[in-house]
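Comments concern the structure below.
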Amino acid sequence: MAEIVRPVKGTQDYYPEEMAVRSWLYGRMRAVSEAFGYQEYDGPFLERLELYAAKSGEELVEKQSYVFEDRGGERVTLRPELTPTLARMVAARQKQMAFPLRWWSFGPFWRYERPQKGRSREFFQWNIDLIGDDSPEGDAELAAIAASFLRSVGLRPDESQILVNNRPLMQRELEALGIAAKQLGGVYRLIDRRDKLDVAKWEAMGKVIGLDKGQLAGLSQLLSDIELWKKSDSLKRFFDAIDAYGVNDMVRYAPTIIRGLDYYTGTVFEAWDTAGDFRSIFGGGRYDDLVNAVGGDPVPAVGFAVGNVVLTLLLEKLGHVPALGSTPAPVYVTLFDADSLTASLTLASELRVAGLNVTSHLSPDKLQKQFKQADRLGAKIVVILGPEEAAQGQVSFKELAGGEQQSVARGQAAAAIGRLLESAQGT
RNA sequence: GUGGGUGUAGCUCAAUCGGUAGAGCACCGCACUGUGACUGCGGGGGCUGCGGGUUCAAGUCCCGUCAUCCACCCCA
């Protein structure tokens with residue numbers, strides 16, 4: 001036998017069981033998005049490289065993007081994120097649109113990096129953005145959407161938390177410590193490491209980027225001050241709104257949250273599993289300059305993105321993925337023998353016309369085998385049309401869970417099966 | 001890009017000091033010629049990732065290579 005061609009590294013095959021999980025997540029995302037009045041949209045999966053050159057993090061564009069030349073010599077990129085596309089789309093129709101826009105999307109993205117736990121090269125992402133609103137209440141709306149979503153997939157406050165900070169606030173505080181503007185990038189990275197490195201290593205890293213002892217001490221103090229948000233009018237209004245949205249059990253201030261991407265300008269947030277088994281579940285925040293950066297007039301915006309990989313791992317670990325029916329159809333019509341092929345197919349067809357979802361067995365195998373297959377597939381009811389039934393104008397059907405079998409006149413079969421399915425669903 | 005772990009049946013794994021490659025699950029058959037899930041009995045399945053080396057002898061030791069996982073970097 002020839003060797004099976006390997007899939008591309010870092011991609012995932014979605015067999016029906018995995019696809020059911022992805023579709024379920026998509027359904028929850030859609031429900032929450034629509035509950036808050038957001039509209040679905042999408043952009044192309046291919047973009048010009050220059051779109052990302054404008055504003056994304058250098059690492060993301062230079063090292064982690066799939067870039068290639070198409071047959072016409074154009075340098076194109078498999079989109080590594082959606083936000084620049086969104087900014088481009090908004091900029092293109094800016095003059096004719098009614099702001100604020102509330103938009104959401106779910107689709108595939110690609111990043112060329114080494115696969116590991118929670119990270120793959122091809123993944124799916126939910127993006128949701130509020131464009132054209134610059135209020136802290138807008139920030140809070142996105143955090144509330146995020147919290148509602150986490151709840152809707154079964155995550156409790158003790159399992160997952162949304163951590164919030166504000167970049168202007170941090171910038172003011174860092175400047176007060178005498179940290180120069182050009183040091184900010186390095187300091188942000190240092191802040192991001194706060195929980196990853198031990199104290200000695202963390203301080204060593206601080207010295208490398210040019211912080212003196214007093215500044216390090218001040219920074220440490222800053223990063224343990226969970227009351228720091230009270231110095232920010234923006235965050236005060238944010239948390240008032242969070243209370244109003246009824247999600248304050250899932251959203252809290254954390255001075256160590258700063259975010260890596262360059263384009264965030266205001267409030268930023270991330271969701272984490274409280275057990276700390278995984279990397280962040282999602283991240284987002286305010287980006288007021290991005291539409292401007294791709295050629296439009298300045299428009300304030302806030303949004304976040306949720307990848308499916310970490311989220312799925314976490315939900316599986318916590319047992320929150322529901323038992324999803326990968327059942328193709330609840331009704332399975334057997335084929336008694338080769339001679340009854342036409343009769344069986346016709347029966348199945350009649351049942352479908354009556355509104356039932358029906359799988360037909362296509363080869364005249366032993367009934368034993370057919371029942372076994374029906375059971376494995378997860379069918380609820382198996383239908384038999386054999387010589388006895390045919391002679392009496394009847395159809396037999398058996399409910400697999402209960403094991404009870406009955407026969408009814410053929411004309412009433414669909415109705416009887418439908419009733420049985422409904423009562424089975426009720427239990 | 002850097003560092004580490006692991007590759008044995010379809011899946012999960014075992015194999016003592018280097019000495020003829022095994023179990024559970026799954027699959028197939030029979031008990032049961034009109035009935036699944038449960039039970040009993042039986043059966044098929046392996047280039048031990050690949051290539052080389054050491055040895056009387058390699059799944060086991062050594063080198064290389066590929067794949068995969070984990071960590072770093074970065075990030076959904």
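Just so we're clear, the structure is a prediction, and the values are computed from it rather than from any experiment. Values below: every heavy atom of this structure, side chains too, minus hydrogens, waters and symmetry copies. Quick note on labels: first sequence line is chain A, next is B, and so on, each numbered from 1.
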Validate the cation-pi geometry between A/Arg30 and A/Trp104: distance from NZ or CZ to the six-membered ring centre under 6.0 Å, angle to the ring axis within 45°.
-> no
A/Tyr264 six-ring centre to A/Arg167 NZ/CZ under 6.0 Å and within 45° of normal | no
Tell me what [X] touches on the nucleic acid: a base, only sugar-phosphate, or nothing, going by heavy atoms under 4.0 Å.
| X | result |
| --- | --- |
| A/Ala305 | sugar-phosphate |
| A/Phe123 | base |
| A/Thr334 | nothing |
| A/Arg376 | sugar-phosphate |
| A/Lys398 | base |
| A/Glu388 | base |
| A/Gly284 | nothing |
| A/Ser120 | base |
| A/Arg259 | sugar-phosphate |

A/Phe336-B/G34 aromatic stacking (under 5.5 Å, under 30°) | no
Quick check: closest heavy atoms across [X] and [Y], and the distance to 0.1 Å?
| X | Y | value |
| --- | --- | --- |
| A/Val153 | A/Leu315 | O-CD2, 3.6 Å |
| A/Val395 | A/Ala413 | CB-CB, 4.2 Å |
| A/Arg121 | A/Pro115 | NE-CD, 4.2 Å |

Can you check whether [X] has a side-chain N or O nearer than 4.0 Å to OP1 or OP2 of [N]?
| X | N | answer |
| --- | --- | --- |
| A/Gln116 | B/C69 | no |
| A/Lys372 | B/U35 | no |
| A/Lys9 | B/U68 | yes |

Modelled atom types, side-chain donor and acceptor of A/Arg279 and A/Gln116, under 3.5 Å = yes
State, without any angle test, whether A/Gln12 and A/Ser120 hold a side-chain donor-acceptor pair at a distance under 3.5 Å.
-> no
For the [atom1] atoms, the ones on [N] and on [M], what distance do you get once it is rounded to whole angstrom?
| N | M | atom1 | answer |
| --- | --- | --- | --- |
| B/G1 | B/G19 | P | 40 Å |
| B/C17 | B/C13 | P | 22 Å |
| B/G59 | B/U16 | P | 12 Å |
| B/C70 | B/G10 | P | 24 Å |
| B/A71 | B/A14 | C1' | 29 Å |
| B/G49 | B/U68 | P | 16 Å |
| B/U48 | B/U8 | C1' | 4 Å |
| B/G7 | B/G45 | P | 26 Å |

Is the base of [N] touched by the side chain of [X] through a donor-acceptor pair closer than 3.5 angstrom?
| X | N | result |
| --- | --- | --- |
| A/Gln64 | B/A76 | no |
| A/Gln405 | B/U35 | yes |
| A/Arg114 | B/U2 | yes |
| A/Glu389 | B/G34 | yes |

Looking at the side chain of [X], which of [options] is the nearest nucleotide?
| X | options | result |
| --- | --- | --- |
| A/Lys366 | B/C30, B/A76, B/G36 | B/C30 |
| A/Arg6 | B/A76, B/U35, B/A67 | B/A67 |
| A/Gln368 | B/G36, B/G1, B/A76 | B/G36 |
| A/Ile384 | B/A37, B/G34, B/C30 | B/G34 |

With nearest nucleotides of RNA chain B determined for A/Leu400 and A/Gly118 from heavy-atom distances, which residue corresponds to the more 5′ nucleotide?
-> A/Leu400
Whichever of A/Lys369 and A/Leu385 has the more 5' nearest nucleotide on RNA chain B, that residue is A/Lys369
Pairing partner of [N] (Watson-Crick or G-U wobble, both distances under 3.5 Å):
| N | value |
| --- | --- |
| B/A37 | none |
| B/C72 | B/G1 |
| B/U16 | none |
| B/C25 | B/G10 |

Return the value, rounded to whole Å, for the distance between atom CG of A/Leu367 and atom P of B/G36.
-> 9 Å
Between A/Arg102 and A/Asp133, is there a side-chain N and carboxylate O pair less than 4.0 Å apart?
-> no
